[in-house]
Amino acid sequence: MRLTGMCLASFLSLLALSGVAAASTPPPPPPYVFSASDVLTNAVNKDQAKIAKFFADDVTASINGQRIATDKASWLKWWAHDRSHYFGKTVGYSMGQKGNGALLVLDQFDTQDYSTNPWPAGDPWPSTRSTFYRFGSDGLIHSVNINEVDSFYRAAK
């Protein structure tokens, strides 16, 4: 009887350990997601050439559900215009490993157009944005989904 109890205890211990292994952290995102995050989370970057290599020719992009780009050229044009009057900071980001990888960037910025007046000019017009980049099997970004709200970012309590 005692031997049976010890066998049962050993079995239960092994079962518990296998549960721990199953609950371990997921694998990291692919290396190309890390490379893209280094550039795409840099809020002061306004150089289109630095980001171009991360996007597929067939990339599509939308902001608040409205399509803004249907290929790489139109996406880079939109991005360059957006960054020309962008004064902000990256609040945080998260990288995903499922599928071919993903990157979610949260930033806050002033939407006032300073292209005609040097910064800072007037009251700020704050906005908070989340940008979700979805990678394809080729390691390039094929989808960009932006959601933006015209308000300050506030951390949850």
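Scope of the values below: all heavy atoms of this structure, side chains included, with no hydrogens, waters or symmetry mates.
- The hydrophobic cluster containing Y32 also contains F54, counting ILVMFWY residues as joined when their side-chain heavy atoms lie under 4.5 angstrom apart, directly or transitively.
- Between the side chains of S35 and D38, no donor-acceptor pair is found at a separation under 3.5 Å.
- Atom-to-atom distance recorded for I146:CD1 and F132:CZ is 13.0 Å, nearest 0.5 angstrom.
- At a threshold of 4.0 Å, the pair K77-D82 does not count as salt-bridged, since none of the basic side-chain nitrogens sits closer than that to a carboxylate oxygen.
- Within the 4.5 Å cutoff, side-chain heavy atoms of F109 are placed close to those of E148.
- Between D71 and D57, the closest side-chain pair of non-hydrogen atoms is not below 4.5 Å.
- No option in W79, F135, W75 other than W75 meets the ring pair (Phe, Tyr, Trp, His ring centres under 6.0 Å) test with F55.
- Checked by atom type and distance alone, the side chain of R83 pairs as donor or acceptor with a backbone atom of N45 at under 3.5 Å.
- Considering only heavy atoms from C-beta on, Y133 stays 4.5 Å or farther from S143 through its side chain.
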Name each donor-acceptor pair under 3.5 Å that joins a side chain in residues 87-106 to protein atoms two or more places apart or in another chain, with its distance.
unit_1, atom_1, unit_2, atom_2, d
T90, OG1, T41, O, 2.6

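- The side-chain hydrogen bond (donor to acceptor under 3.5 Å, both in side chains) search around D58 returns H142, not counting sequence neighbours.
- With contacts defined as side-chain heavy-atom distances shorter than 4.5 Å, the pair L40/I51 qualifies.
- Annotation: the span from N147 atom CG to N64 atom CG amounts to 5.5 Å, rounded to 0.5 Å.
- Without hydrogens or angle criteria, K72 side chain to A52 main chain gives a donor-acceptor distance under 3.5 Å.
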